[in-house]
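Quick note: residue numbers are just sequence positions, from 1. Only heavy atoms go into these numbers, but all of them, side chains included; no hydrogens, no water, no symmetry mates. In this text, all values refer to a predicted model and were calculated from it rather than measured experimentally.
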Amino acid sequence: MISYEKKDTPIHKLSGFTKLVFFLLWCLTSALTFDTRILLLMILMGGIIYVISGTKWKQVSGVFIAIMFFMVINLTCIFFFAPYQGCEIYGTRHEIAHLFGPYTLTKEQLFYEFNVFIKYFTVIPAVFIFLVTTDPSELASSLNGVGVPYMIAYSLEIALRYIPDVQDEFHRIRNAQEARGIEMSSKGKMLSRIKNTAVIIFPLLFSTMERIDVVSNAMELRGFGKKKKRSWYSRRKLMTPDYVVIAFVIVFFVATMIITFHDGNRFYNPFA
């Protein structure tokens with residue numbers, strides 16, 4: 001889940017630097033614009049790239065469900081704490097129905113929260129694709145290539161590399177618990193499963209800390225961090241597809257910013 005898997009796809013063949021630039025500009029575009037037309041276009045493009053990348057649903061399903069859970073909480077809190085934020089943004093008020101107390105459902109609020117909702121789906125595919133198609137070593141070299149200190153880049157690489165190992169360790173501990181008669185499968189009650197799963201956290205944490213200690217000692221013995229710069233075995237040279245993708249995402253970013261801010265307001269207003 002959310003780990004790199006080597007495949008022969010056009011996305012995997014791109015340089016880590018290219019994917020990093022695309023990811024940063026893509027997320028920046030999603031963060032800055034509230035133009036519904038641009039966001040819907042980004043969802044369509046993200047879906048196409050997701051299919052091309054060959055990312056499996058089982059690789060991202062768990063994280064996707066967790067993100068959806070927090071998204072529902074976010075949208076609910078927006079309505080209860082700022083029920084007329086949409087009216088303030090768009091300058092009009094079209095009431096649909098009075099709910100209770102001071103809360104009235106308006107078209108403007110629904111449209112505003114719809115934009116917040118689709119913002120999630122512009123970024124989520126980009127995050128998944130970036131993580132599952134980028135070799136951690138190549139990602140570290142890409143980060144170092146854009147000015148990130150190599151010690152920080154290498155730390156991120158190690159963290160990503162150990163995600164599958166931590167998951168395997170979790171499954172081993174869970175299987176051991178189930179062998180002792182502790183119910184942790186879908187057959188048990190939800191609260192019981194949550195309670196039993198929480199027990200795994202401590203042995204998992206201790207085993208992970210032991211791994212960190214072993215790796216850090218090995219790196220220290222090899223003189224890691226002694227010099228200010230280092231070379232990268234996994235750094236890949238930019239090819240024609242890389243330049244095409246970088247040029248495209250830069251043009252796309254500039255074009256979306258022009259469309260978004262041409263009238264001095266980053267919100268697309270269908271009520272005007």
How long is the straight-line distance from [atom2] of [Y] back to [atom1] of [X], given to the nearest 0.5 Å?
X    : Y    : atom1 : atom2 : result
Q85  : I78  : CD    : CD1   : 8.5 Å
M45  : T122 : CE    : OG1   : 11.5 Å
F261 : F267 : CZ    : CZ    : 9.5 Å
I118 : I43  : CD1   : CD1   : 5.0 Å
M42  : I49  : CE    : CD1   : 9.5 Å
M257 : I38  : CE    : CD1   : 6.5 Å

Test side chain to side chain contact (heavy atoms under 4.5 Å, CB included) on T18 and Y243; report intermediate values, then the result.
CA-CA 8 Å; T18 301; Y243 290 112; over 6 Å; no

Which atom names give the shortest non-hydrogen contact between [X] and [Y], and what distance separates them?
X    : Y    : result
L40  : F114 : CD2-CZ, 4.4 Å
D242 : S15  : OD1-N, 2.7 Å
L14  : K19  : O-CE, 3.4 Å
V249 : I246 : CG1-O, 3.2 Å
V123 : C27  : CG1-SG, 3.9 Å
I129 : I11  : CG2-CG2, 3.9 Å

Any chance you could lay out the side chain to side chain contact (heavy atoms under 4.5 Å, CB included) test for Q109 and C87, step after step, and finish with the verdict?
CA-CA 6 Å; Q109 185 68 17; C87 299; 5.6 Å; no

Pair F252 + W26: ring centers closer than 6.0 Å:
yes

Joint hydrophobic cluster, [X] plus [Y], side-chain heavy atoms closer than 4.5 Å:
X    : Y    : value
V51  : W57  : no
M239 : I250 : no
F248 : F253 : yes
F79  : M71  : no
L110 : Y120 : no

Beyond-backbone contact of [X] with [Y], side-chain heavy atoms, under 4.5 angstrom:
X    : Y    : value
T104 : L99  : no
I259 : D35  : yes
K56  : V132 : no
F70  : I67  : no

Who else is in the cluster with F81 when I, L, V, M, F, W and Y are joined by side-chain contacts under 4.5 Å?
none

With F111 as reference, evaluate Y90, F34, F117 under the ring-ring contact (aromatic ring centres under 6.0 Å, His included) test and give the passing residue.
Y90

Cationic tip of K107 above Y112 ring, under 6.0 Å, 45° of axis:
no

Does R93 have any salt bridge (charged side-chain N to carboxylate O under 4.0 Å, His left out) partners at least two apart in sequence or in another chain, and if so, which?
E95

Between L39 and T33, is the side chain to side chain contact (heavy atoms under 4.5 Å, CB included) condition met? List the steps.
CA-CA 8 Å; L39 293 175; T33 186; 3.9 Å; yes

Just checking, any donor-acceptor pair under 3.5 angstrom between side chains of T106 and H94?
no

Distance only, no hydrogens: is a donor on one side chain within 3.5 Å (strictly under) of an acceptor on the other, for Y268 and N115?
no

List the residues meeting side-chain contact (heavy atoms from CB on, under 4.5 Å) with F80, not counting sequence neighbours, and say none if there are none.
T76, F100, Y103

Does T134 reach the main-chain N or O of L131 with its side chain, forming a donor-acceptor pair under 3.5 Å?
no

